[in-house]
Amino acid sequence: MTTFAKGLEGIIAAETNMSWIDGTNGVLEYVGINIDELARNSTFEETVYLLWNKKLPTRAQLEEFTKELREHYKVADGIKDRIKSIPSTAEPMHVLRSLISELAFYDDNPNANDVESARHKAINILGQAPGIVAMYDRARRGLDPIEPDTSLTFSENFLYMLNGEKPTETMARAFDICMITHADHGLNNSTFAARVVISTLSDVYSALTAAVGSLRGPLHGGANEGVMKMLNEIPSVDDVEDYVMNKLKNKDRIMGFGHRVYKAKDPRAKDLQKLAKQLATDTGNEALYEKSSKIEEIMEREVGSKGIYPNVDFYSATTYHCIGLKLDLFTPMFAMSRLGGWSGHVIEQLGDNRLFRPKAQFIGEHGVPYVAIDDR
Ligand code: COA
């Protein structure tokens, strides 16, 4: 096959039975279950189990999975020491990427990549990631680390390790819905990066490190921080019209809009919009929500015909802000959730591996003579 597709657009490069997207009608399913149903009824732990095992767990299976995950909440001592030496100016995404890589130092057999070992490594990374983010954020604020509480869910425990107090039920549930809705999304860029790395039979730590690196780009997971910066730049809802129109006139992108796959409103944006609206009211951030919905209204009027609608990042920004998270923690939240999806893809890839090795179309010259350095 010699077809060239820039950005691999439209190319099918892997098989999966984890998530399915209908970009035209704005539908997302995990293992056949609509994302709205999962957002309403599931938990992050159950969703990860579903993605890895391709079926909902029984109560006993969920308990066993949850117990194993909780056993990994505790951050390795070497990583805790390492966090103390990281400059407080470091971006949390760089910290998370680097320390996921360093978790391999504390694994007796980091390169084992049979499917069962990969699953254990994935739990090891998923369990410790919230602690890594929380401990680094506290360290840079000059605060002592908080040890995990294994009686808490993944979401509750993260917010507890970050803030030093247990979250309210509403906040923990809102955060958990964010985790559920960000967990998997077909062969997106970071998932592809994870599958490409593991396809060399490298190791799970390397694959997930690469995925975090990919996610932080502003065209991918980094867009949620871009959305918040934009909302902060707009003084009030009355300024939204001029702001958006100016951006569009200058051919600038409005962060949180558009998607390579969705040409309708991203279903996750719908779930998160409801959450953002409720949390904004509960936390006195109504202005933030009003600015967001005004941006959406103008974008629909101006570029809706091109299929540019809110994506997952648009309302997650307001949601994370209302939960009390700092701007540069938004993308690490995405990463913490997506570790579930990336790991599932790594397990799938290892189960039926073939080395990824596409070709490049050579567009350079041939037969160019070598010129000695003094003659150039
Ligand atoms: N704001 C304004 N216009 C946008 C836009 C946005 N966020 N996203 C796309 N467009 C416009 C482009 O300018 C282009 O217009 P043109 O045909 O008149 O030149 C058209 O829509 C198609 O854009 P294209 O870059 O080909 O789409 P893509 O599939 O490559 O891009 C994204 C997908 C996600 C990279 C793109 O929509 C984007 O940059 N969005 C902002 C970043 C973001 O939110 N990323 C998170 C994704 S989950």
Side-chain angles (χ1 to χ4, degrees), residues 4-13 19-24 26-28 35 93 178-193 211-234 240-273 276 291-321 327-328 330-338 341-342:
F4 167 50
K6 200 169 180 184
L8 295 183
E9 194 164 353
I11 301 289
I12 295 172
S19 56
W20 176 80
I21 305 162
D22 174 350
T24 313
V27 180
L28 168 64
I35 192 67
M93 273 303 270
C178 290
M179 294 294 105
I180 294 168
T181 48
H182 285 78
D184 193 41
H185 207 239
L187 200 60
N188 58 84
N189 191 291
S190 53
T191 299
F192 185 48
V212 178
S214 152
L215 186 75
R216 68 165 291 279
L219 297 187
H220 192 9
N224 56 14
E225 294 183 17
V227 173
M228 198 64 219
K229 284 184 192 141
M230 170 177 74
L231 292 172
N232 287 337
E233 258 171 44
I234 307 175
V240 169
E241 177 85 31
D242 285 353
Y243 181 93
V244 174
M245 292 310 287
N246 263 330
K247 284 258 179 202
L248 292 179
K249 197 171 85 203
N250 296 332
K251 296 255 170 228
D252 285 342
R253 303 231 153 171
I254 302 290
M255 289 291 123
F257 280 82
H259 200 277
R260 183 57 68 76
V261 181
Y262 291 117
K263 299 304 163 200
K265 188 165 174 175
D266 184 330
R268 301 166 300 172
K270 291 184 200 161
D271 292 321
L272 292 169
Q273 180 173 9
K291 281 190 259 180
S292 307
S293 66
K294 185 77 185 163
I295 296 173
E296 182 178 354
E297 187 188 307
I298 299 167
M299 286 295 278
E300 177 152 13
R301 186 188 73 207
E302 296 297 322
V303 290
S305 58
K306 285 194 209 171
I308 314 259
Y309 287 96
N311 58 47
V312 68
D313 294 307
F314 190 59
Y315 286 105
S316 70
T318 301
T319 306
Y320 286 143
H321 178 82
L327 183 66
D328 63 2
F330 290 10
T331 315
M333 299 306 96
F334 194 159
M336 265 161 45
S337 158
R338 191 54 65 84
W342 292 328

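As the structure lists them, so they are numbered: ligands from 1, and atoms in each ligand from 1. One is the number of the first residue; the rest follow in order along the sequence.
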Identify the protein atoms, limited to N or O, that lie within less than 3.5 Å of an N or O atom of ligand 1, and list each pair with its distance to 0.1 Å.
from: ligand 1; atom 1: 1 (N); to: Ile254; atom 2: N; distance (Å): 3.0
from: ligand 1; atom 1: 7 (N); to: Ile254; atom 2: O; distance (Å): 2.8
from: ligand 1; atom 1: 7 (N); to: Phe257; atom 2: O; distance (Å): 2.8
from: ligand 1; atom 1: 15 (O); to: Lys306; atom 2: NZ; distance (Å): 3.2
from: ligand 1; atom 1: 18 (O); to: Lys306; atom 2: NZ; distance (Å): 2.8
from: ligand 1; atom 1: 25 (O); to: Arg253; atom 2: NH1; distance (Å): 2.9
from: ligand 1; atom 1: 25 (O); to: Arg253; atom 2: NH2; distance (Å): 2.8
from: ligand 1; atom 1: 29 (O); to: Arg260; atom 2: NE; distance (Å): 3.0
from: ligand 1; atom 1: 30 (O); to: Arg260; atom 2: NE; distance (Å): 3.4
from: ligand 1; atom 1: 30 (O); to: Arg260; atom 2: NH2; distance (Å): 3.1
from: ligand 1; atom 1: 37 (O); to: Phe257; atom 2: O; distance (Å): 3.4
from: ligand 1; atom 1: 39 (O); to: Arg253; atom 2: NH1; distance (Å): 3.0
from: ligand 1; atom 1: 40 (N); to: Phe257; atom 2: O; distance (Å): 2.9
from: ligand 1; atom 1: 44 (O); to: Gly256; atom 2: N; distance (Å): 2.9
from: ligand 1; atom 1: 44 (O); to: Asn311; atom 2: ND2; distance (Å): 2.9
from: ligand 1; atom 1: 45 (N); to: Leu219; atom 2: O; distance (Å): 3.4

ask   = Any luck finding a side-chain donor-acceptor pair between Ser190 and His220 under 3.5 Å?
value =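 Ser190 vs His220: donor-acceptor pair found between side chains.
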ask   = So how far is it from His185 NE2 to Trp20 CH2, rounded to the nearest 0.5 Å?
value =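 Here the rounded value is 11.5 Å.
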ask   = Nearest 0.5 Å, what's the CG-CZ distance between Leu8 and Arg260?
value =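 Spacing of CG (Leu8) from CZ (Arg260) equals 9.0 Å.
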Listed by chain and number, what are the salt bridge (Lys or Arg N to Asp or Glu O under 4.0 Å) partners of [X], not counting sequence neighbours?
X	value
Glu296	Lys265
Glu300	none
Glu233	none

